Amino acid sequence: MAAELTAHDLIAQHRPTLDQALEAIRTRAYWSPHPEHPKAYGENGSLDMAAGKAAFDALLGTRLDLGQPGTDDWVGGEVSPYGIELGVTYPHADLDVLLPAMKAGQRAWRDAGAEIRAVVCLEILKRISDRTHEFAHAVMHTSGQAFMMAFQAGGPHAQDRGLEAVAYAYVEQVRTPDTAEWTKPQGKRDPLALTKQFTPVPRGIGLVIGCNTFPTWNGYPGLFASLATGNAVLVKPHPRAVLPLALTVQVARQVLTEAGFDPNLVALAAERPGEGIAKTLATRPEIRIIDYTGSTSFGDWLEANARQAQVYTEKAGVNTVVVESAGDYRGMLSNLAFSLSLYSGQMCTTPQNLLIPRDGIRTDQGPKTFDEVVADLARAIDGLLGDDARANALLGAIVNPDVKARLEAAAGLGEVALASREVANPEFPGAVVRTPVLVKLDGAKPDAEAAYMSECFGPVSFAVAVDSVTDAVELLRRTVREKGAMTVAAYTTDPEVEEAVQEVCLEEAAQLSLNLTGGVYVNQTAAFSDFHGSGGNPAANAALCDGAFVANRFRVVEVRREA
């Protein structure tokens with residue numbers, strides 16, 4: 001098929017956006033080319049709200065044929081956390097056919113160069129952006145996120161992270177020039193002269209192992225980092241969240257074809273129920289890069305066993321908040337209540353442990369005892385979620401039975417300061433919606449330690465009484481060092497306490513947010529400015545996104561000739 005997207009057209013259309021992204025990662029200032037508001041879509045060929053919903057509805061019960069080689073079966077079975085069966089089926093691959101087909105197109109993709117690869121990736125992202133409303137419903141009905149969160153996190157924020165990865169990939173690849181003339185003086189003799197050629201060479205096939213909760217937001221960085229550095233990419237979605245990544249693969253294959261490249265540079269690996277193909281894929285010799293988001297146990301297995309691949313993992317941690325004092329007590333409570341409630345706590349960045357001195361804290365509203373702080377936080381959460389319509393819009397749905405089981409078991413771990421309650425969703429009666437539970441624990445008791453030193457993923461948080469702020473800081477250090485943390489937060493008006501918490505986070509490589517009381521929350525990060533994870537503690541071995549996340553996806557190979 002003749003190319004429909006010429007290199008000249010792609011560069012003319014997307015180079016300005018790439019340059020803006022390069023400037024954004026240099027300055028770390030706010031920037032995004034993808035609108036956050038649903039009403040911003042519907043022009044220039046993009047789907048508006050009604051068209052996006054219709055496009056999603058039209059997918060239900062259909063076969064998503066991607067035209068991949070080696071398809072030997074059709075698989076599916078996704079059930080929305082909101083209670084509806086999606087009924088979409090996807091190609092199941094014979095890996096011995098698909099993987100060689102994926103490698104066949106890598107030479108032309110490698111030889112295209114960093115700029116062409118970048119602008120092709122940006123065209124893929126643009127076409128995904130044009131279908132943001134459709135993708136939002138796909139994310140909502142696979143992850144359980146409420147619609148607005150699915151729209152923003154699964155749409156523009158995910159697209160931002162993909163673009164960010166492309167920008168970092170481009171920077172690292174062009175750091176070395178394409179060619180160099182090398183001359184070494186030899187005194188009275190003729191100088192030594194060489195012409196040197198430097199080519200970024202891909203490692204091989206990258207494997208993206210998708211997660212259930214944020215299939216696009218967590219999937220796009222690795223997908224686009226590998227693709228932009230010349231690698232083919234095989235996407236293995238979570239079996240409960242296939243649709244958003246399958247649509248992504250579909251778009252990528254269309255763009256690659258139109259740009260004159262082999263569409264098999266991007267492919268999908270859906271699996272039969274219970275097949276568990278991730279381990280098989282991860283140890284195939286053709287797989288040279290792995291991106292994984294999920295449980296610590298499988299992340300550790302990948303790091304130990306996928307020896308032929310460069311493995312990037314985002315696993316799990318125990319996110320901690322140190323509460324020593326508050327200059328805006330009401331703002332602190334409001335901010336924490338929102339952070340603990342958003343998407344039912346089903347985020348790797350949601351706080352779990354709130355370390356509070358048992359003798360209480362100083363606030364702008366006077367001293368508050370430990371019990372008062374916890375009771376006030378419980379009232380703040382209850383007030384935020386008291387209206388069922390607002391609760392549904394913030395909480396979304398419980399993503400799987402394991403989260404529900406942990407939520408129900410948490411009430412037996414200590415004194416319940418705020419009990420979880422069921423919330424009815426009139427639009428989706430089958431949705432499982434629960435408000436958070438807040439449990440009080442005594443940090444000095446060994447039986448309590450077993451609870452707060454383990455990740456309890458979901459709408460569960462522990463208010464842990466500690467003897468002093470010094471003990472809180474040391475418990476923070478131990479938690480990050482032993483269990484890892486994607487986020488740390490602290491509330492204090494004392495410069496010495498602030499410095500102590502900051503020093504722990506610098507030494508243990510944890511991202512810190514101080515005294516958040518407004519519309520920015522500890523569990524949110526902005527692409528091009530904030531780093532998601534650090535790669536320096538057990539919660540993740542990589543950060544989204546920095547130079548280290550992309551630089552080892554390719555190697556520079558040199559060819560020397562005498563001039």
Side-chain angles (χ1 to χ4, degrees), residues 295-297 315-324 332 336-337 339-341 344-361 369-378 381 402-403 405-420 435-492 497 500-501 504-505 508 510-513 522-523 537-540:
S295 70
T296 298
S297 59
K315 297 177 286 189
V318 177
N319 301 321
T320 301
V321 181
V322 174
V323 182
E324 184 271 339
M332 177 189 79
L336 285 173
S339 297
L340 297 173
S341 302
S344 301
Q346 297 170 125
M347 304 172 69
C348 62
T349 50
T350 301
Q352 176 178 302
N353 294 342
L354 302 143
L355 308 183
I356 307 168
R358 65 178 76 251
D359 291 337
I361 68 171
T369 66
F370 172 84
D371 288 336
E372 286 175 329
V373 174
V374 179
D376 289 345
L377 178 57
I381 297 170
D402 291 341
V403 174
R406 282 193 293 271
L407 170 63
E408 292 170 346
L413 297 175
E415 180 185 345
V416 176
L418 177 67
S420 176
T435 62
V437 62
L438 178 60
V439 178
K440 291 198 286 189
L441 297 175
D442 188 334
K445 294 185 177 179
D447 57 338
E449 181 176 316
Y452 65 72
M453 285 297 284
S454 299
E455 187 197 29
C456 194
F457 184 77
V460 177
S461 55
F462 301 116
V464 183
V466 293
D467 290 338
S468 67
V469 69
T470 301
D471 290 328
V473 171
E474 285 310 306
L475 180 54
L476 168 65
R477 181 190 300 277
R478 181 183 158 213
T479 302
V480 178
R481 181 175 294 176
E482 295 181 10
K483 302 297 181 179
M486 294 300 293
T487 60
V488 173
Y491 290 89
T492 179
V497 174
V501 172
V504 166
C505 290
E508 304 300 332
Q511 312 293 13
L512 171 64
S513 298
V522 65
N523 39 356
N537 69 64

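Worth knowing before you read on, the calculation uses all heavy atoms, side chains too, and leaves out hydrogens, waters and symmetry mates. All values derive from a computational prediction rather than experimental measurement.
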Report summary line: In terms of heavy-atom contacts, Val416 and Ala411 come closest through CG2-O, 3.5 Å

Query - Side chain Gln352, main chain Phe457, donor-acceptor under 3.5 Å - result: no

**Report entry** Flag, side chain of Asn353 to backbone of Thr320, donor-acceptor distance under 3.5 Å
**Finding:** no

Requested in this report: Just jot down the salt bridge (charged side-chain N to carboxylate O under 4.0 Å, His left out) partners of Glu455, sequence neighbours excluded, or say none.
Outcome: none

**Report entry** Pair Val522-Thr349, side-chain contact (heavy atoms from CB on, under 4.5 Å): steps then yes or no
**Finding:** CA-CA 7 Å; Val522 65; Thr349 50; over 6 Å; no

Query raised in the report: What distance separates Ser454 OG from Lys483 NZ, expressed to the nearest 0.5 Å?
Result: 5.0 Å

Report task. Test side-chain contact (heavy atoms from CB on, under 4.5 Å) on Val488 and Asn319 and set out the steps. Result -> CA-CA 6 Å; Val488 173; Asn319 301 321; over 6 Å; no

Requested in this report: Sequence neighbours left out, what passes salt bridge (charged side-chain N to carboxylate O under 4.0 Å, His left out) with Arg406? Give chain and number order.
Outcome: none

Report summary line: Looking only at heavy atoms, the pair that brings Gly458 and Gln346 closest together is CA-CG, 4.3 Å

Query raised in the report: Of all residues at least two apart in sequence or in a different chain, which pass the side-chain hydrogen bond (donor to acceptor under 3.5 Å, both in side chains) check with Asp376?
Result: Tyr329, Arg379

Report task. Could you check Leu475 against Val466 for side-chain contact (heavy atoms from CB on, under 4.5 Å), going step by step and ending with a plain yes or no? Result -> CA-CA 9 Å; Leu475 180 54; Val466 293; 4.2 Å; yes

Report summary line: Interatomic distance, CG@Leu441 vs CG@Asp447, rounded to 0.5 Å, equals 8.5 Å

**Report entry** Those residues that, when tested against Ser341, pass side-chain hydrogen bond (donor to acceptor under 3.5 Å, both in side chains) (two or more places apart)
**Finding:** none

Query raised in the report: Rounded to the nearest 0.5 Å, what separation is found between the OG1 atom of Thr350 and the CG atom of Leu340?
Result: 7.5 Å

Requested in this report: Please list, chain by chain and in numerical order, all residues satisfying side-chain hydrogen bond (donor to acceptor under 3.5 Å, both in side chains) with Ser468, sequence neighbours excluded.
Outcome: Asp471

Query raised in the report: Can you list the residues that meet the side chain to side chain contact (heavy atoms under 4.5 Å, CB included) rule with Thr369, with sequence neighbours excluded?
Result: Asp371, Glu372

Query - Steps toward side-chain contact (heavy atoms from CB on, under 4.5 Å) verdict (Leu336, Leu377) - result: CA-CA 8 Å; Leu336 285 173; Leu377 178 57; 3.9 Å; yes

Query raised in the report: For Glu415, which residues count as a side chain to side chain contact (heavy atoms under 4.5 Å, CB included) partner, sequence neighbours excluded?
Result: Lys440

Report summary line: Heavy-atom nearest pair, Ala417 first then Ala378, reads O-CB, 3.7 Å

Query raised in the report: Short question: side chain of Tyr452, backbone of Phe462 - any donor-acceptor pair under 3.5 Å?
Result: no

Requested in this report: Identify which one of Val322, Val374, Leu438 satisfies the side chain to side chain contact (heavy atoms under 4.5 Å, CB included) criterion when paired with Leu354.
Outcome: Leu438

Query raised in the report: Gly484 and Pro538: which non-hydrogen atoms are nearest, and at how many Å?
Result: CA-CD, 3.7 Å

Requested in this report: Please list, chain by chain and in numerical order, all residues satisfying side chain to side chain contact (heavy atoms under 4.5 Å, CB included) with Glu482, sequence neighbours excluded.
Outcome: Met453, Arg478

**Report entry** Gln511: side chain to side chain contact (heavy atoms under 4.5 Å, CB included) partners, not counting sequence neighbours
**Finding:** Phe531, Ser534

Query raised in the report: What is the minimum heavy-atom distance between Ala490 and Val501, and which atoms define it?
Result: CB-CG1, 3.9 Å

Query raised in the report: Are any side-chain N or O atoms of Ser420 and backbone N or O atoms of Val437, one a donor and one an acceptor, separated by less than 3.5 Å?
Result: no

Report task. Name all pairs fulfilling the salt bridge (Lys or Arg N to Asp or Glu O under 4.0 Å) condition that reach into residues 460-470, sequence neighbours left out, sorted by first residue then second. Result -> Arg358-Asp467

Report task. Examine distances only and state if a side-chain atom of Asn537 and a backbone atom of Arg481 form a donor-acceptor pair shorter than 3.5 Å. Result -> no

Query raised in the report: What's the shortest heavy-atom distance between Leu355 and Ala472, and which atoms?
Result: CD1-O, 3.5 Å

